[in-house]
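Below is one structure, written out as C-alpha cells; comments come after it.
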Amino acid sequence: MKITLFFLAFVCTLNLFAQEEGTIRGTIFDIETNNEPLLFADVQIKDTEFKTQTNFRGNFEIQNIEPGNYILKVTFLGYESYETLVEVTAANTIEITQGLQAKTLSLSDMSFADENTLQNQETAFTSLDK
C-alpha cells in the first residue's frame, strides 16, 4: 500500500516540475535619443493572443509560450516597426534587445487638397452654417 501511494504521488508531482513552455523577454530602446528606453511600446507574437507593452525601463516579458517558431513584432507610434523570427524552446528564455528608429516622411509621401478637389463647395459651407 505504501509503495502504491508513493508511486501515485511521484507520478502526480512529476508534471509540476516539467516546464514545457518558454519565455521571451527583452528591452526596446529609442535609437534617436541616445538609446533611451521606449515606454509602452507594443510587443506581440503575430497570429497569437500573446501581447504586452514595455515598462518604464523599456523591458517586456511574455511567458508560457508553447515551443515553436514565431514572429515577434514590436511597434510604437511614429517609429519603424520591427519583426524578427524567434524559436521558443521548452524551459528556455530568449533575450531580445532592439532599438527602434523614427519614421521619416518626405513631401512626395504627402497629399494635399486644393480648391478643385471639393466638388460642391456650397453644401460644405452651408452645412457649417447650420
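None of the values given here were measured: they were computed from a predicted structure.
Between Ala41 and Phe76, the shortest heavy-atom distance links the atoms CA-CD1, 3.5 Å. Shortest non-hydrogen contact noted between Glu20 and Pro67 is O-CD, 3.1 Å. Gln53 and Phe60 make their closest contact through O-CB, 4.3 Å (heavy atoms, listed as atom of the first residue, atom of the second, distance). Here the closest heavy-atom approach between residue Leu72 and residue Ile24 is recorded as CD2-CG2, 4.3 Å. Residues Leu100 and Glu80 approach most closely at CD2-O, 3.6 Å, considering heavy atoms. Nearest heavy-atom pair across Phe50 and Asn64 is CZ-O, 3.4 Å.
Residues that satisfy the salt bridge (charged side-chain N to carboxylate O under 4.0 Å, His left out) test with Glu49, not counting sequence neighbours, are absent from this structure.
Of the options Ile71, Thr52, Ile65, a side chain to side chain contact (heavy atoms under 4.5 Å, CB included) to Ile45 is made by Ile65 and by none of the others.
Expressed to the nearest 0.5 Å, how far CG of Leu38 lies from CZ of Phe29 amounts to 9.0 Å. Once rounded to the nearest 0.5 Å, the distance linking CD of Glu32 with NZ of Lys103 reads 13.0 Å. Distance check: Tyr82 OH to Ile96 CD1 gives 6.0 Å after rounding to the nearest 0.5 Å. Atoms CD and CZ, on Glu61 and Arg25 in that order, are 4.5 Å from each other to the nearest 0.5 Å.
Between Asp30 and Tyr79 the shortest side-chain heavy-atom distance falls below 4.5 Å. Looking at Glu87 and Thr89, their side chains come closer than 4.5 Å, going by heavy atoms from C-beta outward.
Annotation: Leu85, atom CG; neighbour count of heavy atoms from other residues, nucleotides and ligands within 6.0 Å is above 12. More than 12 non-hydrogen atoms from other residues, nucleotides or ligands lie less than 6.0 angstrom from CG of Asn69.
Not a single donor-acceptor pair under 3.5 Å links the side chain of Thr27 to the backbone N or O of Asn59.
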